[in-house]
Each structure stands twice: as structure tokens, then as C-alpha cells.
Amino acid sequence: MANPESPESSAVLAALRPGERGRVLRVLMPVSDHGHDRQLVLRLLEIGFVPGEEVRVTATGPGGREPLAV
């Protein structure tokens, strides 16, 4: 995830706070190759988490953690 205002910096999506924007650099497959992990990655790609796409975190779960609304 890249910050559009600062292209040289990067972070994971979960590090963004509500209202912050970023740009998807890549969607990584988790180290474990369980079928549900692969399905989650494919679903993220299907709904638009593709390299180059700008995203904005709109809300976080309790304590500022997951789940995230993007």
C-alpha cells in the first residue's frame, strides 16, 4: 500500500487510519497456502484491490483494529 502523497513510503492496509488513503501495490498470498487463503486473495482482486487502485479506509473495528471498511 503506497501513500499517494508520498510515493516512496509504503505500509500494509491495516496500518492506515480512518480517512487515510493509499494505493494498492500488490496483494500477497499468505505464507500458508490453505484453500480459504487463496479464495480470500482472489475475492480481494475481484472487488477491486488491484495494483494501482486508490483506496481509503472509512472505518475500523473496535479499538481501531479489524474489520476494516475500505
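The analysis underlying the following values was restricted to heavy atoms, covering all of them including side chains, and did not include hydrogens, waters or symmetry mates.
Contact annotation: the side chain of Thr60 never approaches that of Leu16 to less than 4.5 Å [non-hydrogen atoms, C-beta and beyond].
The minimum heavy-atom distance linking Glu20 with Arg17 is given by the pair OE1-N, 2.5 Å.
With hydrogens and angles disregarded, no donor-acceptor distance shorter than 3.5 Å links the side chain of Arg21 to the backbone of Arg56.
Both Ile47 and Val24 are assigned to one and the same hydrophobic cluster, defined by single-linkage of ILVMFWY side chains at heavy-atom distances under 4.5 Å.
Partners of Leu42 according to the side-chain contact (heavy atoms from CB on, under 4.5 Å) rule, which considers only residues two or more places apart in sequence or in another chain, are Arg38, Gln39. With sequence neighbours excluded, the residues satisfying side-chain contact (heavy atoms from CB on, under 4.5 Å) with Ala15 are Ala11, Val12. Partners of Val50 under the side-chain contact (heavy atoms from CB on, under 4.5 Å) rule, at least two apart in sequence or in another chain, are Leu45, Glu53. Residues satisfying the salt bridge (charged side-chain N to carboxylate O under 4.0 Å, His left out) criterion with Arg43, sequence neighbours excluded, are Glu46.
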